[in-house]
Structures are given as structure tokens and as C-alpha cells.
Amino acid sequence: MPIPISLTWFGKKRSAAPPPKDRSRLRVGIPKVLNIWSTHQFWVGFLTALGIAPENIIFSSDTSEEQYREFGKGRGTVDCCYPVKCISGHYGELLFGLKKKIDILLSPMIYSLPSFLRGHVLDTLTCTRVMAGPENIKAGFLKERDVFAENGVIYASPFVSLGEPAVVPDQLYEALKDILQLDYEETERAVEAGYRALEAFNQKMRQHSREVLTWCARNDRPCVFVLARPYHMDPGIGHEIEASIQAHGFPILWVQYFPLDDDLMDWLFGQEIRAGRIRSPFDISDVWPSSYSSNTNEILWGAKVAARCPWITCVIRFSSYECGMDQPTYTPTQKIVEATGTLFFKFGDLDATKPAGSIKIRVETIVHYVEKYSPEIIRRKRAWLPDPCPLLPSPEPVTQTLEPETDVARAF
């Protein structure tokens, strides 16, 4: 008698889908330095899309002398760029200064940036010192022994071209596949999520800047415009100069988050575009032909905006100690801004020694000039621009009012 065979038992079954990878317990530390100040939302979006819990993405604190003395001393680098030198304090804080240890220290080497000027300039590259900074500083933690391995931390420094979204999945997959056990498809999805998060954040900030500018226009009040690199938002690098000015009642706008709405751009640049002097509101070829550096391009573009926008009556320019990328831009930026009578103040060579006394005196000087000259600057710059202004309410439509019947009758 033949033995019955269960076809179900011996039949070929479909392989089960791999279980979802649980990365929720992984803790990723990111040093809050350099271009992380303008791209942090990309990394948050990217990592959370991979399943890492938001509370397990830890940014180091703001730069400070105490941070360097406690965590970075003895691990410095031969580099005159102060914002690069500071990275060692941030690495040390993430390695030694947290109550709960991180598993991965993620310090990307960012080659290019997703600037709003991309497509209108030659390229949006980062400074070479900034780009190589993570590997440069890493050497200070390997010179005697591998401090990362000693603390059970994996060091990850992916080389990434954020200005070219098409190549980013390849770059991050190759760099992180063994560390995070990635597959390519989920890397692609995570990169898309990162760009969406970054774009949403930038839009939110620009919308807020527009609200500030609208308030200035409707109340005929001046604001102060900051031309600087993203890392100058770090209180330990920029010394909170803009906050000291804001305390006197003048709103602050940063070039990175100036509103880019079509109506505003057409109001500020439309006359020059129609006259054929520039191709678009974001064209800076008339003032800066070597438009390769992303941060430099934005500073030059910001100078053009400041020269035109009536309620920007004062520009403050920040630059760190011996910044080779900023030095060639000092004169062009100042000339562009001052061409329309807009006030210009430069804080150059900001360095590790916080010059509190001199900054206080200069802030008082700036406040005095802004209060004294802003009404005339606003009036003069407003007269150069066409009507209507998109920041002001539309004028009430003119309606024909009927004369009282008695007057009409008298006229005939």
C-alpha cells in the first residue's frame, strides 16, 4: 500500500520576508559643526527613516572654550581655521561627555551642498578645509591608540555630495552598509526622506523670515541682515553678536533663510532681468564670476539682496580667523552693500578668544547708526523699487462715489 505524501509538507514554500531590522536602540552621535548647521535636518530625516529613534540621534552642544578644554585638549590639529579646530572638542564630548554612550559617531565629509543657488552658479562646493575637517580631526584620536574602538564607538565619515541628490544613495550605501546593515532600496528611501525633511525645514524658516520682513514693511521698521557661513550661527563661533543687536529691538535675518518667493524676487530683481543685466534673481555672474563655493555664492547673493531690500538698512558680516575662502569677498561684498547707502559692519577674524568688551562697544555703535539713519535709507531704497510692494497690503480698489443727489442735480 503506497504511503500517502502530504504535498503541503514537501511542497516548495515561499521564502519568508526578512524581518525588519531593528535599529531603534542604536545611538548615533553627530558633531554640531561646520555645514551640519545647514544640513542637520537631512541627517535627522535620513536616520529616522532607517528606524533610529529620534531621541537616539544626539548632536553635540554648542562650541565653547570649556568644551575644548575638557574634551578636546591635546587632540588638536595643525589648521588655522578655528571652526575646524573646534571639532576635536565636539568629538571628545560625544565620546567622553555623555552619560549614555553612543554606538556610532557620524561625521560626514560634505563635498557639495544643496544650495538654493544651484543651477544658477557654476557649482555649490564646500570649502576644502571644511570638507576634509572630519578626517583631519580624527587623526588626533588615533595618534596614540584608537580612542573610538576603546570606547566601543564606530567612527563613520561618509563622503557625500549633498548638492547632487542622484549620487547620494550610492555614496551613503557604500559608506554605511556594513555599519547599519543597509540594503540599497532602504538607503534610497532614507535619502529621499532626508531631502524632504531638509526642504520642509528650510521652507518653514523662509516663511518665518517673510513674516518678519512683512512686519518691518508694514511698520516701516528696519531689520539687520547677517552675511556669514552657517557655522556662525554657533554661539561659540559667532559670539551671539546678532542676538545682542536683536536685544535692542531690531529683527535679524540670515542670508541662508531669506524668503525666495517669486513675487518678492520679481519685485527686487525684475527690473534688472527685463533690462537684460541678469538672467534670474539668483544670477550672481554680474558680481562674482568664480561661483564655485556654495557659502561664498550665498554671501555674494545676500549682498545684492541687502542692497535692494528697503527694510534691510544694516548688514553685519562675520568671518573667522584667517578664512581663506572669505578674504577675497571682503571688498566686493562691502561695495555691493554700500552702493545703495546701506550700513555695513564687518566682524572679521573672530577667533577662540571671545572679545566681549570690543563686541559690546561695536554693537552700541551699530545700534546708534541703525536708529539714526534707517528712516532715510528705507525712504531712498523704497523709491527705487516699483509699486506695488508684495509685502504691503494691496491698495483698496478705487470705487466711484456718487455725489449727493442735490449736488448732481445742481450740476445739470
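The figures that follow rest on heavy atoms only: side chains count, while hydrogens, waters and symmetry mates do not. Everything quoted here is computed from the prediction, not taken from an experiment.
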Quick one: does any side-chain atom of [X] pair with a main-chain N or O of [Y] as donor and acceptor, under 3.5 Å?
X: Ser291; Y: Val121; result: no
X: Tyr195; Y: Leu162; result: yes
X: Asn56; Y: Ile52; result: no
X: Asp22; Y: Ser24; result: yes
X: Ser107; Y: Pro134; result: no

Quick check for you: to the nearest 0.5 Å, what is the distance between [X] atom [atom1] and [Y] atom [atom2]?
X: Asn136; Y: Ile87; atom1: CG; atom2: CD1; result: 7.5 Å
X: Leu106; Y: Tyr155; atom1: CG; atom2: OH; result: 9.0 Å
X: Arg118; Y: Asp123; atom1: CZ; atom2: CG; result: 5.0 Å
X: Lys85; Y: Cys81; atom1: NZ; atom2: SG; result: 9.0 Å
X: Leu391; Y: Trp311; atom1: CG; atom2: CH2; result: 5.5 Å

Should the ring pair Trp43 and Phe46 be called parallel, tilted or perpendicular, given that the plane angle runs from 0 to 90° and is split at 30 and 60?
-> perpendicular
Do the side chains of [Y] and [X] get nearer than 4.5 Å, heavy atoms only?
X: Pro251; Y: Cys216; answer: yes
X: Met109; Y: Val160; answer: no
X: Tyr68; Y: Ser88; answer: yes
X: Cys86; Y: Glu65; answer: no
X: Pro83; Y: Val33; answer: no
X: Val287; Y: Lys304; answer: yes
X: Val255; Y: Trp301; answer: yes
X: Met131; Y: Phe159; answer: yes

Quiz item: cation-pi between [X] and [Y], 6.0 Å / 45°:
X: Arg75; Y: Phe141; result: yes
X: Arg317; Y: Phe347; result: no
X: Lys138; Y: Tyr91; result: no

Side chains of [X] and [Y]: is there a donor and an acceptor less than 3.5 Å apart?
X: Tyr184; Y: Asp170; result: yes
X: Thr124; Y: Ser115; result: no
X: Thr342; Y: Lys381; result: yes
X: Asp234; Y: Thr63; result: yes

Inspect the surroundings of [atom1] in [X] and state if more than 12 heavy atoms from other residues, nucleotides or ligands are less than 6.0 Å away.
X: Phe148; atom1: CZ; result: yes
X: Glu70; atom1: CD; result: no
X: Lys335; atom1: NZ; result: no
X: Tyr330; atom1: OH; result: yes
X: Lys177; atom1: NZ; result: yes
X: Arg380; atom1: CZ; result: yes
X: Lys204; atom1: NZ; result: no
X: His208; atom1: NE2; result: no

Pairing residues for Gln246 by the side-chain contact (heavy atoms from CB on, under 4.5 Å) criterion, not counting sequence neighbours = Ile252
Stepwise side chain to side chain contact (heavy atoms under 4.5 Å, CB included) check, His90 with Phe71 | CA-CA 8 Å; His90 290 263; Phe71 302 117; over 6 Å; no
Begin with the C-alpha distance, continue with both residues' side-chain angles, and end with the deciding distance and a verdict on side chain to side chain contact (heavy atoms under 4.5 Å, CB included) for Ile284 and His120.
-> CA-CA 8 Å; Ile284 59 171; His120 302 273; over 6 Å; no
Hey, is [X] close enough to [Y] for a salt bridge, meaning N to O under 4.0 Å?
X: Asp326; Y: Arg229; value: yes
X: Glu376; Y: Arg379; value: yes
X: Lys32; Y: Asp62; value: yes

Could you please spell out the steps behind the salt bridge (charged side-chain N to carboxylate O under 4.0 Å, His left out) verdict for Asp266 and Arg274?
-> CA-CA 10 Å; Asp266 184 66; Arg274 288 183 277 280; 3.2 Å; yes
Quick check, are the ring centers of Trp254 and Phe225 under 6.0 angstrom apart?
->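 When the ring centroids of Trp254 and Phe225 are compared, they turn out to be at least 6.0 Å apart.
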How about His40 and Phe201: are their ring centres within less than 6.0 Å of each other?
-> yes
Residue pair Ile245, Glu242: steps toward the side chain to side chain contact (heavy atoms under 4.5 Å, CB included) verdict = CA-CA 5 Å; Ile245 296 173; Glu242 77 283 7; 5.7 Å; no
Nearest heavy atoms of Ser320 and His232, plus distance in Å =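 Looks like OG-NE2, 3.0 Å.
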Of the non-hydrogen atoms in Val370 and Thr313, which two are nearest, and what is the gap between them?
-> CG1-OG1, 4.1 Å
Side chain to side chain donor-acceptor pair (under 3.5 Å) partners for Asn35, two or more places apart =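 Asn35 satisfies side chain to side chain donor-acceptor pair (under 3.5 Å) with no other residue.
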Does the pair Trp384 and Thr340 meet the rule for a side chain to side chain contact (heavy atoms under 4.5 Å, CB included), with working shown?
-> CA-CA 10 Å; Trp384 292 332; Thr340 57; 3.6 Å; yes
Please walk me through it: do Arg189 and Glu186 pass salt bridge (charged side-chain N to carboxylate O under 4.0 Å, His left out)?
-> CA-CA 5 Å; Arg189 290 194 295 273; Glu186 68 176 342; 5.2 Å; no
Among Ile104, Val28, Ile30, Ile102, find the one that has a side chain to side chain contact (heavy atoms under 4.5 Å, CB included) with Leu94.
->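 Option passing the side chain to side chain contact (heavy atoms under 4.5 Å, CB included) with Leu94: Ile102.
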Quick one: do Arg382 and Asp387 satisfy salt bridge (charged side-chain N to carboxylate O under 4.0 Å, His left out)? Show the steps, please.
-> CA-CA 9 Å; Arg382 179 67 185 86; Asp387 286 322; 2.4 Å; yes
So Asp261 and Arg206, salt bridge (charged side-chain N to carboxylate O under 4.0 Å, His left out) or not? Walk me through it.
-> CA-CA 9 Å; Asp261 306 302; Arg206 290 190 180 112; over 6 Å; no
